[in-house]
S.K.: 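Here it is: the structure, laid out below.
Below, all heavy atoms of this structure are taken into account, side chains as well, without hydrogens, waters or symmetry copies.
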Amino acid sequence: MPFTDVIYRFSNNILVVIFVSAAVTASVLLPLIGTRLLRQEQATARAGFALDAFKLIGPVIAIFTAFTLLQAINRYREAETLVLREATEIMQLDRALRRLGPDAAPLRDALAAYGQSVVAQEWPALKKGQESAATQTLFNTLIESIHAVHQRMDIEATTREAIDDAADELLDIRALRLNAATTGLPAIFWHVLGSLIVLLAAEALLFRFDWNLVVPKAGYAAAIALLIALLVILDYPFRGEQSVGAEPITRALTHIARY
């Protein structure tokens, strides 16, 4: 089972508690382990070196974590924008199809069926990192039906162009949404972040166990863990408790049903 499938089974609060608890626990145990394993006569020298290392590694991991979190927030906002754009294009396509008059009924029904399938079938699938085959089939049927309009010679050029443009936009936006739903941040971000955490953990081993040192370090680790938990929550914008909703598409379906 992929690790992401396990992660997104938990609520946001539980994820925060897990990450922060792990960070605080490591902040306490690592200096204790280092104190037990390393030579005590060199503890003072090690502590000085560890403090210098922390002054270097600490700000780097904080800045990089904040930078990576910003990327995740931007991707989340872009996903929200994609859903809004998809809802808009559904309405635009319906508006263009209405120019065909009574002949548009089958196409409009196919468009509504696709939109309803997106909300009822595809969105739950996206929460699991999957796509809906049934929704994709309905979408393919819709596009094929629209392309069949080209075979009719009694349609005005402006109407044909409006339908084609709206259909092409819907096709592109759907592809972008599915890609955003099934991909997270580039793996290189996680590799670098993981390497920095390993360096921070190795540096913590060099500290002697002293509550005057451990408590501030634990507070710093908890703050970084909180940012990382938020990063994990937002990494896949269509998964987990804090996921992008389908409300704009639902409103679009309600709108087109009025006509």
Side-chain angles (χ1 to χ4, degrees), residues 2-38 42-81 180 183-244:
F3 182 65
T4 51
D5 290 347
V6 177
I7 284 290
Y8 290 111
R9 289 184 177 184
F10 298 104
S11 67
N12 294 344
N13 291 335
I14 292 178
L15 285 176
V16 168
V17 169
I18 290 174
F19 277 85
V20 172
S21 298
V24 172
T25 301
S27 298
V28 175
L29 291 181
L30 288 174
L32 182 59
I33 293 173
T35 301
R36 296 287 180 86
L37 295 180
L38 303 178
Q42 298 178 354
T44 302
R46 288 200 312 271
F49 173 77
L51 183 59
D52 291 338
F54 177 75
K55 291 178 180 178
L56 175 63
I57 299 173
V60 171
I61 191 172
I63 292 172
F64 185 79
T65 303
F67 171 75
T68 307
L69 178 58
L70 180 61
Q71 306 307 308
I73 292 174
N74 289 337
R75 293 184 72 253
Y76 187 89
R77 296 304 182 193
E78 289 172 359
E80 290 182 321
T81 301
T183 58
L185 288 168
I188 186 64
F189 283 95
W190 292 108
H191 293 161
V192 173
L193 185 57
S195 299
L196 289 173
I197 292 174
V198 170
L199 287 175
L200 191 63
E203 173 265 333
L205 284 171
L206 300 179
F207 272 95
R208 69 179 184 274
F209 187 80
D210 183 341
W211 286 112
N212 293 327
L213 295 174
V214 169
V215 171
K217 289 267 294 180
Y220 176 84
I224 294 298
L226 187 60
L227 293 179
I228 294 176
L230 181 58
L231 174 59
V232 170
I233 289 170
L234 297 178
D235 187 20
Y236 284 81
F238 291 91
R239 302 192 67 175
E241 183 180 352
Q242 188 66 37
S243 59
V244 177

S.K.: With a sphere of 6.0 Å drawn around CZ of Phe189, does it hold more than 12 non-hydrogen atoms of other residues, nucleotides or ligands?
M.R.: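 Counting neighbours around CZ of Phe189, more than 12 heavy atoms of other residues, nucleotides or ligands fall under 6.0 Å, so yes.
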S.K.: Would you compute the distance between atom OG1 of Thr65 and atom CG of Leu230 and round it to the nearest 0.5 angstrom?
M.R.: 11.5 Å
S.K.: Rounded to the nearest 0.5 Å, what separation is found between the CH2 atom of Trp190 and the OG atom of Ser195?
M.R.: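 The OG atom of Ser195 is 13.0 Å from CH2 of Trp190, to the nearest 0.5 Å.
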S.K.: Where is the tightest heavy-atom contact between Gly240 and Tyr8, given as atom of each residue plus distance?
M.R.: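 Closest heavy-atom pair between Gly240 and Tyr8: CA-CD2, 3.6 Å.
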S.K.: Compare all side-chain heavy atoms of Leu200 with those of Leu196 and state whether any distance is below 4.5 angstrom.
M.R.: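 Side chain of Leu200 against side chain of Leu196, heavy atoms only: no contact under 4.5 Å found.
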S.K.: Test Asn12 against every option in Val17, Ile233, Val232 by the side chain to side chain contact (heavy atoms under 4.5 Å, CB included) rule and name the one that passes.
M.R.: Ile233
S.K.: Check this for me: does any side-chain nitrogen of one of Arg75 and Glu78 sit under 4.0 Å from a carboxylate oxygen of the other?
M.R.: no
S.K.: Would Ile7 and Asp235 satisfy side chain to side chain contact (heavy atoms under 4.5 Å, CB included), going step by step from the backbone distance to the final call?
M.R.: CA-CA 11 Å; Ile7 284 290; Asp235 187 20; over 6 Å; no
S.K.: If you measure from CZ on Arg9 to CD1 on Ile14, what distance do you get to the nearest 0.5 Å?
M.R.: 13.0 Å
S.K.: Show every donor-acceptor pair shorter than 3.5 Å between a side-chain atom in residues 217-228 and any protein atom, with sequence neighbours excluded, or say none if there are none.
M.R.:
from   : atom 1 : to     : atom 2 : distance (Å)
Lys217 : NZ     : Glu203 : OE1    : 2.8
Lys217 : NZ     : Glu203 : OE2    : 3.2
Tyr220 : OH     : Gly58  : O      : 2.2

S.K.: Do you know the tightest heavy-atom contact between Thr183 and Tyr236?
M.R.: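 Looks like C-CE2, 3.5 Å.
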S.K.: Taking all non-hydrogen atoms of both residues into account, name the closest pair between Leu231 and Ala72 and its distance.
M.R.: CD1-CB, 3.6 Å
S.K.: Determine whether Leu193 and Phe67 satisfy the following criterion, side chain to side chain contact (heavy atoms under 4.5 Å, CB included), listing intermediate values before the conclusion.
M.R.: CA-CA 11 Å; Leu193 185 57; Phe67 171 75; over 6 Å; no
